[in-house]
Structure formats: structure tokens, C-alpha cells
2 protein chains.
Amino acid sequence: MASKQKTSRKAAAAAIRRPRARAANDGAYAGDTGDDIGLDALVGHAGYAVRRFQLWIFQDFIKTLATVDIRPTQYSVMTVIGANPGLSQMAVAKRLGIERARLVHLLDSLEERDFVSRIPSATDRRSHALHLTTRGKTALAQFKRLAAEHERHVAEKIGKENRERLLQILACFT
Amino acid sequence: MASKQKTSRKAAAAAIRRPRARAANDGAYAGDTGDDIGLDALVGHAGYAVRRFQLWIFQDFIKTLATVDIRPTQYSVMTVIGANPGLSQMAVAKRLGIERARLVHLLDSLEERDFVSRIPSATDRRSHALHLTTRGKTALAQFKRLAAEHERHVAEKIGKENRERLLQILACFT
DNA sequence: GAAAGATTGTTGTTGACGACAACAATTGAT
DNA sequence: ATCAATTGTTGTCGTCAACAACAATCTTTC
């Protein structure tokens with residue numbers, strides 16, 4: 001359809017496009033399968049590689065933990081609370097590098113599912129002491145088993161040694 | 001404020017929370033600065049490290065290319081088109097791992113700024129042959145210089161050798 | 001050559017997520 | 001006692017991935 005199917009604001013822009021004056025190899029690549037396309041400067045950019053990897057790894061995490069319906073961020077929150085009971089929301093947010101505004105909704109959903117409880121702090125009436133419920137503790141144990149399975153997928157994908165090398169390189173960010 | 005400031009749906013949930021029965025070390029961590037908080041199982045998860053790293057690297061990219069107002073995804077699109085003139089939108093989307101629905105808006109903005117032009121394909125009236133405009137070509141050259149500067153920031157952060165090791169490990173995703 | 005199915009660009013919606021700005025309650029410092 | 005800082009919360013905005021639908025067009029099949 002190209003410019004024909006534009007209906008509203010695109011119609012004007014489409015009219016401007018010169019239908020002539022095409023350069024070099026037009027249509028030559030049009031039927032490409034997606035492979036054998038050069039990335040030029042993109043190869044050699046850490047950000048691009050990391051983005052693609054992060055996409056893959058999150059999709060695998062979500063898929064592996066789909067049965068328990070837990071997303072990576074939720075898992076990280078429960079893990080930190082489980083390892084450090086009584087933390088305030090501010091402390092958790094700072095530690096995980098997420099905003100406290102975002103943590104509010106995360107905890108809302110986790111509290112609705114009875115995994116986490118906000119207990120009024122004894123020393124500071126502004127803050128909550130975060131704890132895992134008994135249900136949350138047993139649930140987290142299962143999450144960790146599934147997460148370990150996901151981690152094995154990663155090792156299969158990039159290699160066992162490469163995975164550990166990666167963790168070592170990026171340790172300064174955790 | 002804790003449970004006091006809840007107004008609507010949270011008021012009911014707040015009433016349920018037992019203000020007693022707090023376990024272990026309550027308030028002990030409440031004043032933590034954010035450091036010295038154990039991550040437990042989170043350390044050793046590739047996904048967590050990658051997420052933090054990706055966040056850092058994208059922020060640095062955006063900051064480094066703030067003067068030209070180019071985001072990572074826009075840069076990747078222009079780079080691929082520059083290296084492979086005449087590609088269709090489908091081919092670009094497949095190659096970069098972004099959806100063609102998303103690429104539509106990306107190209108809209110790049111076309112508005114006169115960096116990219118959609119030329120009707122000679123062989124397939126459905127598709128567009130994507131090209132950089134002359135303005136887009138000179139602009140991309142500058143973007144690449146700034147991107148190289150960003151890449152130096154990455155090398156400073158994780159080390160020159162580690163960066164290359166990282167690129168090698170994640171090469172299978174690019 | 002016509003019908004059926006696949007592809008391409010487009011529009012729209014949904015939800016997760018990061019960033020920011022306000023606000024009330026509370027704490028801490030002066 | 002007053003003023004600044006902190007904590008949780010609410011809201012908005014923009015980015016992004018994932019889907020679903022659609023019209024135009026190509027390709028395949030009979």
C-alpha cells in the first residue's frame with residue numbers, strides 16, 4: 001500500500017515524497033529474509049548487544065515463571081525482602097534502583113496476593129516494615145527453583161563460563 | 001503516614017494489617033542508607049545485572065547524544081539504513097528485533113526531521129525503500145562520533161578488556 | 001486467470017517501566 | 001516552636017514491547 005493507504009495526516013507527507021530519484025540498490029534488499037543485513041557500526045556497541053540480551057533474558061524469565069505469574073521486578077523485590085526482613089520501602093527502592101513511586105504498585109500487587117505485608121514501623125510512623133508472609137516465604141522458595149531453571153537456560157545460551165564471566169564483569173552494577 | 005494516609009481502597013487493606021506480631025529485626029533496617037543490604041539470590045542472576053547495566057548504559061547514551069536529541073533506538077535504525085540503503089521496513093524491523101508497528105512511529109519522527117525518506121519500492125508497491133537523506137547522512141556521521149564517545153564511557157566504567165569480552169559473549173544476540 | 005492465503009505498512013490498545021512533580025504525615029534539626 | 005528533610009502515596013508523561021485488527025498488495029494454487 002505504501003503511501004496510498006495513508007488516510008489522515010500522512011496523506012500530506014506522502015504527497016511530498018518524490019516517487020523518483022531512488023538511489024543505489026532499490027528493491028534489491030526488499031525481499032531480504034532479515035539475515036545477511038550488515039549492522040555496520042552497530043556491531044561493537046555494547047548498548048545494542050545488551051539490549052538484545054536483556055530482551056531475550058527477560059522473555060525467558062517471564063516464560064519460565066509463567067505458571068506462578070511472577071515478573072522479574074516482582075521477584076527481585078520479594079528476594080530482597082526475604083533476605084532482609086523489616087526493610088522500609090525507601091530502602092528496598094534504593095537497593096534495587098527502582099523508584100519508590102513504582103514500588104508502591106509493586107507492593108500493592110504482592111500484598112493483594114498475600115506474599116508481602118506492610119507492617120507499621122515501630123520506630124518511624126512514616127515508614128513500613130516489609131515482611132514476607134508465611135505464604136510468601138514458601139512461594140519465594142518455589143520462585144527461586146524456577147529462577148534457577150531460568151538461569152540454566154541462560155547458561156545453555158551463552159555458555160556456563162561466559163555466564164559467570166558476565167556476572168563478574170557486571171558485578172559493579174548490582 | 002503509613003496506613004493513616006490511605007484514603008480509598010487501601011483503607012480496608014490497611015485495617016487488616018495486624019499492627020502487632022512483627023518478626024525478627026523491625027526498624028533495625030529502617031534507617032539504612034541503601035548500602036550493606038544483602039541481595040541474597042539476586043546476586044548470581046544474570047538478568048538483574050543486565051537490567052541495571054542496560055539502564056546505566058542507555059542513560060549515558062541519551063546524555064551523551066542529548067545535544068543532537070537522538071535515542072538509542074533511533075540511532076540503531078539510522079545506522080542500519082545507512083549501511084543498507086533500500087531496505088524495507090519489515091527487513092529493518094526484523095534485523096533490529098523491533099516490531100514493525102513500533103518502527104512506523106520511529107520512521108515518522110526521523111522523516112519529520114528529514115533524516116530518513118520512505119521511497120515507494122519499485123518492485124513491491126506495498127513496501128517502502130528506506131534511505132538516508134543527504135542531511136541524514138551527515139547527521140549520522142556526527143551521531144557516530146558521539147556514540148563512540150559514549151562507548152568510551154562504557155570502557156571507562158567496566159574496563160576496556162571487559163567491554164570487549166562482553167561484546168564477544170553477547171555477539172550471538174546482535 | 002480467479003480465488004485463497006500470506007505479506008507489508010498502518011492504527012490502535014494494553015501493560016510494564018522509568019522519570020518527575022506534587023502532597024500529607026511525620027521526623028529531625030535549629 | 002519553627003523549618004527543612006524524609007516517607008509513602010498519587011498522578012501524569014513518555015518510552016517500549018506485545019497484540020490485534022485492517023486495507024492494499026503480492027504470491028500461490030487450482
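Annotation: side chain of B/Arg113 is in contact with side chain of B/Ile70 (closest heavy-atom distance under 4.5 Å). Taking 4.5 Å as the limit, some side-chain heavy atom of B/Ile158 sits within range of a side-chain heavy atom of B/Leu166. The shortest distance between side-chain heavy atoms of A/His150 and A/Ile57 falls below 4.5 Å.
Atom CG of A/Leu87 and atom P of D/dT7 are 12 Å apart (whole Å). Atom CD1 of A/Ile62 and atom C1' of D/dC16 are 13 Å apart (whole Å). The nearest whole Å value for the distance from the CG atom in B/Leu107 to the C1' atom in C/dG9 is 10 Å. Atom NE2 in A/His128 sits roughly 14 Å away from atom C1' in D/dT6 (whole-Å rounding). Taking atom NE2 on B/His105 and atom P on D/dT15, their separation rounds to 11 Å, with Å as the unit. We find that NZ of A/Lys94 is positioned 12 Å from C1' of D/dA5, with the value rounded to whole Å.
Using a 4.0 Å cut-off, no side-chain N or O of B/Gln89 falls inside it from OP1 or OP2 of C/dT7. Within the structure, a side-chain polar atom (N or O) of A/Arg125 is placed less than 4.0 Å from OP1 or OP2 of C/dT26.
Taking the side chain of A/Ala101 as heavy atoms from C-beta on, and the options D/dG8, D/dC19, C/dC20, the nearest nucleotide is C/dC20.
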Contact list (N/O, under 3.5 angstrom) for nucleotides 14-18 of chain C vs protein:
unit_1	atom_1	unit_2	atom_2	d
C/dA16	O3'	A/Arg71	NH1	3.2
C/dC17	OP1	A/Thr73	OG1	2.8
C/dC17	OP2	A/Arg102	NH2	2.3
C/dC17	O5'	A/Arg102	NH2	3.0
C/dG18	OP1	B/Arg51	NE	3.3
C/dG18	OP1	B/Arg51	NH2	3.0
C/dG18	OP2	A/Arg102	NE	3.4

Can you tabulate the close N/O pairs, meaning under 3.5 Å, that link protein atoms to atoms of nucleotides 1-6 of chain C?
none

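Taking the six-membered ring for Trp and the full ring otherwise, the centers of A/Phe53 and B/Phe53 sit at least 6.0 Å from each other.
Under a cutoff of 6.0 Å and an axis angle of 45°, B/Lys157 and A/Phe173 form a cation-pi pair.
Between A/Arg100 and B/Met90, it is B/Met90 whose nearest contact on DNA chain C lies nearer the 5' terminus.
Classification of A/Lys160 and A/Glu164 as a salt-bridged pair holds, one side-chain N sitting under 4.0 Å from a carboxylate O.
Defined by atom type and a distance below 3.5 Å, a donor-acceptor pair is missing between the side-chain atoms of A/Arg71 and A/Tyr75.
At distances below 3.5 Å, not a single donor-acceptor pair connects side-chain atoms of A/Arg165 with backbone N or O atoms of B/Asn162. Between the side chain of B/Gln89 and the main chain of B/Arg100, no donor-acceptor pair closer than 3.5 Å is present.
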